[in-house]
K.L.:
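Mind having a look at this structure? Questions to follow.
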Amino acid sequence: MSAPQVVVHRDKELMAKAAAARLITKIVDAQTARGSASVVLTGGRNGNGLLAALAEAPARDAVDWTRLDLWWGDERFAPDGDPERNHTQAREVLLDSVPLNPARVHPMPPSDGPYGNDADAAAEAYATALAAAAGPEDHGPVPSFDVLLLGVGPDTHVASLFPELPAVYEQERTVVGVHGAPKPPPTRISLTLPAIRAAREVWLLAAGEDKANAAAIALSGAGEVQAPAAGARGRSRTLWLLDEAAASQLPRDLYPPASA
């Protein structure tokens, strides 16, 4: 796994715009090299902020949206179209405005889908879909995502992997149902740390003073059970994208002056 790199921007708006520009470049480079690209999306204010910035970016048309595979890192287990679902929010801010190939968009199953209210069965189905999309070159049961995006919670959770809950201990399955989450809704679906670590690059997004302690803990060598964000690493690169408020408790030597 790669060691974390930290980039700090002045504020959350600049962070979102810079992350969107960085993501466009990464997608275009992957499509040029391999014909397609794969990205794992995240929800929350920072994930949605990045997607909104991407929707407004002049360079967004450089992406061949028909050759982009989209997956999700986690989902609130709610009915299709529920405004709390990450998929619904992503559609509103970006996905409905770009010419994606519907067959390459892979939302996690909703609670009114074919698995009903069985989050564990829905998680198993998503794991099956990931395995079907993985090729021989991936060396595992999930694709080698080009970029996997994660928000970081004030408690250091990423995706729906919360400190010391069963899902963060999972080492075999790639997707799990999450029950009793400490933030609503309590039932969710999430990629596990092994699935997250299959990505070529993992980008963790955090903005605001309420994320400062989480960033400091996760980047200080904390264990992944107590601080799940500490265990989110990409194979080739792990990038923490922060604003100055979220970086306010980090030792100054963790990031170069130029990154501010």
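Every value quoted in this text rests on a predicted model; they were computed, and no experiment measured them.
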K.L.:
Hey, is the main chain of R85 close enough, under 3.5 Å, to the side chain of R76 for a donor-acceptor pair?
P.N.:
no

K.L.:
Would R188 and S160 satisfy side-chain hydrogen bond (donor to acceptor under 3.5 Å, both in side chains), going step by step from the backbone distance to the final call?
P.N.:
CA-CA 7 Å; R188 297 157 173 259; S160 284; 3.2 Å; yes

K.L.:
For G208, is there any backbone N or O sitting under 3.5 Å from a side-chain donor or acceptor partner on D243?
P.N.:
yes

K.L.:
Is R104 salt-bridged to D69, cutoff N-O under 4.0 Å?
P.N.:
yes

K.L.:
Looking only at the side chains, is there a donor atom on one of S111 and N117 sitting less than 3.5 Å from an acceptor on the other?
P.N.:
no

K.L.:
Just do the ring pair (Phe, Tyr, Trp, His ring centres under 6.0 Å) check on W72 and H87 with the steps written out, would you?
P.N.:
CA-CA 8 Å; W72 270 262; H87 176 231; 5.2 Å; yes

K.L.:
More than 12 non-hydrogen atoms from neighbouring residues, nucleotides or ligands closer than 6.0 Å to CD on E209, yes or no?
P.N.:
no

K.L.:
Can you spot which of V176, D74, V175 makes a side chain to side chain contact (heavy atoms under 4.5 Å, CB included) with I189?
P.N.:
V175

K.L.:
Please find the pair of heavy atoms, one from P109 and one from Y126, that lie closest to each other, and give the distance.
P.N.:
CD-CD1, 4.0 Å

K.L.:
Classify the side-chain pair Q31/D64 by whether it contains a donor and acceptor separated by less than 3.5 Å.
P.N.:
no

K.L.:
Quick one: are M15 and N46 in side-chain contact, heavy atoms under 4.5 Å?
P.N.:
yes

K.L.:
Quick check on E124: does its CD atom have over 12 non-hydrogen neighbours (other residues, nucleotides or ligands) under 6.0 Å away?
P.N.:
no

K.L.:
Between D82 and A78 (side chain of the first, backbone of the second, donor and acceptor by atom type, cut-off under 3.5 Å), is there such a pair?
P.N.:
no

K.L.:
Within a radius of less than 6.0 Å around CD of E172, do more than 12 heavy atoms belonging to other residues, nucleotides or ligands occur?
P.N.:
no

K.L.:
Quick one, D138 with S144, criterion side-chain hydrogen bond (donor to acceptor under 3.5 Å, both in side chains). Give me CA distance, side-chain angles, the key distance, then yes/no.
P.N.:
CA-CA 6 Å; D138 294 316; S144 298; 2.9 Å; yes

K.L.:
Tell me whether D210 is salt-bridged to R45, with the criterion being a basic N under 4.0 Å from an acidic carboxylate O.
P.N.:
yes

K.L.:
In Å, rounded to the nearest 0.5 Å, how long is the span from OG1 of T238 to CE of M1?
P.N.:
8.0 Å

K.L.:
Are V98 and V93 linked, directly or through other ILVMFWY residues, by side chains that come within less than 4.5 angstrom of each other?
P.N.:
yes

K.L.:
Does one hydrophobic cluster hold both L165 and Y169, with members joined at side-chain heavy-atom distances below 4.5 Å?
P.N.:
no

K.L.:
Is a side-chain donor or acceptor of E170 paired with a backbone partner of L193 at a separation under 3.5 angstrom?
P.N.:
no

K.L.:
Ignoring hydrogens, what is the shortest heavy-atom contact between A229 and A218? Give both atom names and the distance.
P.N.:
CB-CB, 3.8 Å

K.L.:
Using the rule that two of Ile, Leu, Val, Met, Phe, Trp, Tyr join whenever any of their side-chain heavy atoms come within less than 4.5 Å, decide whether W203 and L54 are in one cluster.
P.N.:
yes

K.L.:
Taking the basic N atoms (NZ, or NE/NH1/NH2) and the acidic carboxylate oxygens, is any pair closer than 4.0 Å for R197 and E224?
P.N.:
yes

K.L.:
Output yes when K26 and E201 qualify as a salt bridge under the 4.0 Å nitrogen-oxygen rule, no when they do not.
P.N.:
yes

K.L.:
Checking R67 side chain against G35 main chain: does a donor-acceptor pair fall under 3.5 Å?
P.N.:
yes

K.L.:
May I ask whether V158 and F162 are part of the same hydrophobic cluster, defined by side-chain heavy atoms of I, L, V, M, F, W, Y residues being less than 4.5 angstrom apart, directly or through others?
P.N.:
no

K.L.:
Rounded to the nearest 0.5 Å, what separation is found between the OG1 atom of T88 and the CG atom of D80?
P.N.:
6.5 Å

K.L.:
Quick check: is L70 connected to L51 through a chain of hydrophobic side chains (ILVMFWY, heavy atoms under 4.5 Å apart)?
P.N.:
yes

K.L.:
Which pair of non-hydrogen atoms, one from A57 and one from I24, has the smallest distance, and what is that distance?
P.N.:
CB-CD1, 3.8 Å

K.L.:
List the atom pairs, with distances to 0.1 Å, where a side-chain N or O of residues 148-156 and a protein N or O form a donor-acceptor pair under 3.5 Å, not counting sequence neighbours.
P.N.:
unit_1: D155; atom_1: OD1; unit_2: H157; atom_2: N; d: 3.0
unit_1: D155; atom_1: OD1; unit_2: H157; atom_2: ND1; d: 2.7

